[in-house]
Amino acid sequence: MARKNNKDFLEYLNGNNSSGVNVPRPAATPVGHVEHAILAENGLVFVAGVLGHPGARVTALELRSGRGTCRIAARHIGCARHAGEAPATAFWTAGHLGPALAGEETMAATIFFGDGLSVASELRFERSDASALRDAVKRYLAGLPGEEQEHPEDATIMERIMSPPSAARPVPRFTVENISIAECGLFVTGWINDTADDLAEIRVNTGTWSVTIAGDGLARAARDDVQVALGIPRRHAFGFWGITVDPAIDTVSPVAVCEVVMRGGGIERQELPLNILFDQIELRNLALTYLATSKYLGNPMLDSVASLEKHIGRQIVDLNVLISRAITQRPHVERFGGQGQKKGSIIVCLYGRAEYLMLQNALFANRKGIGDYEFVYVSNSPELAEQLARDAHVASLAYGLDLTLVLLPGNAGFGAANNAAVAVSRTKRPLIVNPDVFPHDLDWAARHTALVENAPDLQTRLFGAPLYYDDGSLMHGGMYFDSDASLSMEGASFRRNVTLRVEHYGKGAPPDSAEFLRPRPVPAVTGAFISCDRGWYEKLGGFSEEYVMGHYEDADLSLKSTEQGVVPWLHDIKLWHLEGKGSGARHAAHEGASIVNRWLFNRRWAKAIIPEMLGARPRHPLLQVPPLPDPVRPPPLQPQPQPMTTQGPRRPVAPVLRRPPVAARPARAKATAPASSGLTEIVFGAES
């Protein structure tokens, strides 16, 4: 828009205003500062300030807190030049903080200028309702000088602030079925017939605390019972649920006032009982269960991940971090066996099954070089504590291994538990090993030590190994990233989505497929076996503790390493992996956690993966692999290693000739894998 007198702009927004309030004119500052910051209960914010010289031009204003960031671009910013002895430029703007930030009292404000400079300060909000905010903005704009003004190019948010209240429509039929709370968190679910008027927000107030969840921050689900009861033939997602995390939430009050607010202005208040949950874990799992079991109108995978985008995903992740950190702060550590100097720490995370501690010790004991390693078992199942302590004592006496047991008072998740175990380990080389991983090469420990001591540092800083199914076929020869394109409906139009997935090199291939076994850099390695320099592990921050329960931490760690200039490697130290057998049964909350982790992984890494790390032959310069060497003659006859199962070794088999390298056969279908737990990711709006 062209430059315009501010009186005209006031008329453009909301008619004439004759207020004579003058704008304060402090002495010129070297750069600039914010004078006014008014935040309304609906999340609309008005910010005004003064720049130190008349030629200054604000290109953006960023408001940041621990809960998120609101960045206001130049097209939303207006300015006016002050005349007088100390000329300066006033600037003003408006934005919408959204539900996650609407309750903030202070935020960090950064003003960005056209010459590349910026200035940061702490900003304290003056709280207001929508009507008082409108009046304050009118007074401010009316007091600006008339010369050399330029109002925002995009005045949409200013129009929302200045619009007078309209006659409210009645609130349609709805039911808030459940409000559950735990310390620092709230979960709400219900249904509403918002086919004619959109749901704007839901507010919950106990008198000592209040939270607001925006309508577009709620997950929507199909409700056949509501569809039938309302008699509406057109399919609509009448159901809703949401979760929010706020340190102010406590469990003192048994009731709350719930307000359902519509876009048309209608508000209905109800006093409802609060369902007080046992702890934050129960709250998180309740949300995860709803995420996994809700019925969607479209593609379940796309719709479930999309429901996380506006608000819910970040809330679940933040709640999970609170839970994980609280659990790992209270470990119980017991050590068994000798205290001699070791070269590596085999870190094993247990969940739901105790028997693998004894089984692993039996199968790893008496192998060449194993004396250079300690075992550190960390348990995410407090109910197994007594059995694990007994088994650790017996295993240490029976097999002569140094063993440390770390007992956690809850399920901290794969990443946090492994980080806690690494913290109490006593060597410079942690090896992350699943409980269902066993030696294939009987001298693997000695070979691992020799590799770490003699191979180039960049090839051993972080690496994985070939893993085999119990039928002898290859399970893992490194991991790579791929994508699928799909379409979904958004309103009346189609939207193109790119779905990332994690694939294993050589999955299902013959055991001696040289293409997948040779040492080489790979995009990622599986968390079933990762060997990492401890200093490098700690520099990377270890496994991310934001992933819920488990999945994707391994790919995330690999990408963090690549981002720092060191790609993972694969080295030919073979192990068995009874995939999926090492943990307890999966429930709906676990499936919900997988959906959250898919969303989080895509949000964090989609831009880094697309396009140069996509596919089995990525274009990333650090991942370029030299060609295979010329074929060599087959080795002489020798006994084939015996496949390992939980029932013990199979009977010896007759010697066979090792097969020459052949192409991998397609990955087999795993009967034990849940139908909704595929390694897939969704990136909205990304192009492959």
Side-chain angles (χ1 to χ4, degrees), residues 327-414 416-439 442-446 448-449 452 527-532 534 537 542-543 575-576 578 581-584 644 646 648:
I327 291 173
T328 55
Q329 285 175 358
R330 304 188 300 274
H332 175 78
V333 180
E334 292 189 32
R335 298 191 187 274
F336 305 87
Q339 303 294 320
Q341 188 71 26
K342 304 295 180 182
K343 296 182 179 181
S345 302
I346 298 173
I347 310 290
V348 183
C349 179
L350 299 171
Y351 174 70
R353 303 188 70 172
E355 62 269 26
Y356 280 96
L357 185 152
M358 187 70 74
L359 182 58
Q360 271 193 327
N361 273 246
L363 294 174
F364 277 87
N366 297 321
R367 305 306 182 194
K368 184 178 179 181
I370 197 64
D372 289 328
Y373 294 84
E374 65 169 349
F375 284 77
V376 181
Y377 285 90
V378 56
S379 172
N380 270 328
S381 297
E383 71 277 7
L384 301 179
E386 185 176 355
Q387 180 181 350
L388 288 173
R390 182 174 60 251
D391 288 353
H393 177 67
V394 172
S396 177
L397 293 176
Y399 303 115
L401 299 174
D402 286 357
L403 195 154
T404 297
L405 183 62
V406 183
L407 300 173
L408 300 178
N411 183 2
F414 179 84
N418 276 290
N419 290 345
V422 171
V424 303
S425 66
R426 297 169 294 183
T427 75
K428 297 181 180 180
R429 169 64 57 164
L431 287 75
I432 309 300
V433 180
N434 271 14
D436 51 8
V437 167
F438 308 103
L442 301 185
D443 62 345
W444 80 272
H448 178 272
T449 300
V452 171
F529 181 91
I530 295 177
S531 176
C532 189
R534 180 167 182 160
Y537 185 89
F543 286 115
L575 298 112
W576 299 107
L578 308 184
K581 302 291 187 3
S583 59
M644 180 58 61
T646 53

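Sequence neighbours left out, the pairs with a member in residues 387-402 that pass side chain to side chain donor-acceptor pair (under 3.5 Å) are Lys342-Asp402.
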Could you give the side-chain donor-acceptor pairs of residues 327-337 under 3.5 Å, partners two or more places apart or in another chain?
residue, atom, partner, partner atom, Å
Thr328, OG1, Ser324, O, 3.0
Thr328, OG1, Arg325, O, 3.4
Arg330, NH1, Ala326, O, 2.9
His332, NE2, Glu334, OE2, 2.9
Arg335, NH1, Thr404, OG1, 2.8
Arg335, NH2, Val424, O, 2.9

- Message: Before you tell me yes or no, could you show the steps for Leu384 and Leu350 under side-chain contact (heavy atoms from CB on, under 4.5 Å), namely the whole-Å CA-CA distance, both residues' side-chain angles and the distance that decides it to 0.1 Å?
- Response: CA-CA 10 Å; Leu384 301 179; Leu350 299 171; 5.8 Å; no
- Query: What's the verdict on side-chain contact (heavy atoms from CB on, under 4.5 Å) for Val433 and Gln360, showing C-alpha distance, side-chain angles and the deciding distance?
  - Reply: CA-CA 10 Å; Val433 180; Gln360 271 193 327; 4.0 Å; yes
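With sequence neighbours excluded, no residue forms a salt bridge (Lys or Arg N to Asp or Glu O under 4.0 Å) with Glu386. For the side chain to side chain donor-acceptor pair (under 3.5 Å) test, residues two or more places apart in sequence or in another chain that qualify with Ser531 are Arg429, His448. The side chain to side chain donor-acceptor pair (under 3.5 Å) test applied to Glu374 returns Ser345, Arg426, not counting sequence neighbours. Considering only residues two or more places apart in sequence or on other chains, Asp443 meets the side chain to side chain contact (heavy atoms under 4.5 Å, CB included) condition with Lys368, Asp441, Arg447. Scanning for ring-ring contact (aromatic ring centres under 6.0 Å, His included) contacts around Phe543 gives Phe414, Tyr537, with sequence neighbours left out. For Arg367, the salt bridge (Lys or Arg N to Asp or Glu O under 4.0 Å) test picks out no residue, with sequence neighbours left out.
Contact check for Ile432 versus Val422: side-chain heavy atoms found under the 4.5 Å cut-off. By the 4.5 Å heavy-atom criterion applied to side chains, Phe375 and Ile370 are counted as neighbours.
Annotation: the span from Leu363 atom CG to Phe438 atom CZ amounts to 6.0 Å, rounded to 0.5 Å. The distance from atom CZ of Phe529 to atom CG of Asn434, rounded to the nearest 0.5 Å, is 11.0 Å. Here the CE atom belonging to Met358 is positioned 10.0 Å from the CG atom belonging to Leu388, to the nearest 0.5 angstrom. The distance from the OH atom of Tyr351 to the OH atom of Tyr356 is 15.0 Å, given to the nearest 0.5 Å.
If you check the side chains of Tyr373 and Thr427, you find no donor sitting under 3.5 Å from an acceptor.
Closest approach of Asn380 and Gly413 over heavy atoms only: ND2-O, 3.3 Å. Residue Ile347 comes nearest to Ala421 through the heavy atom pair CG2-CB, 3.4 Å, listed as atom of the first residue, atom of the second, then distance. Between Gly352 and Ser381, the shortest heavy-atom contact is N-OG, 2.7 Å.
Residue Gln341 places its CD atom among 12 or fewer non-hydrogen atoms of other residues, nucleotides or ligands, all under 6.0 Å distant.
Residues Phe364 and Trp444 bring their aromatic ring centres within 6.0 Å.
A side-chain contact (heavy atoms from CB on, under 4.5 Å) with Val378 holds for exactly one of Leu407, Asn419, Val406; it is Val406.
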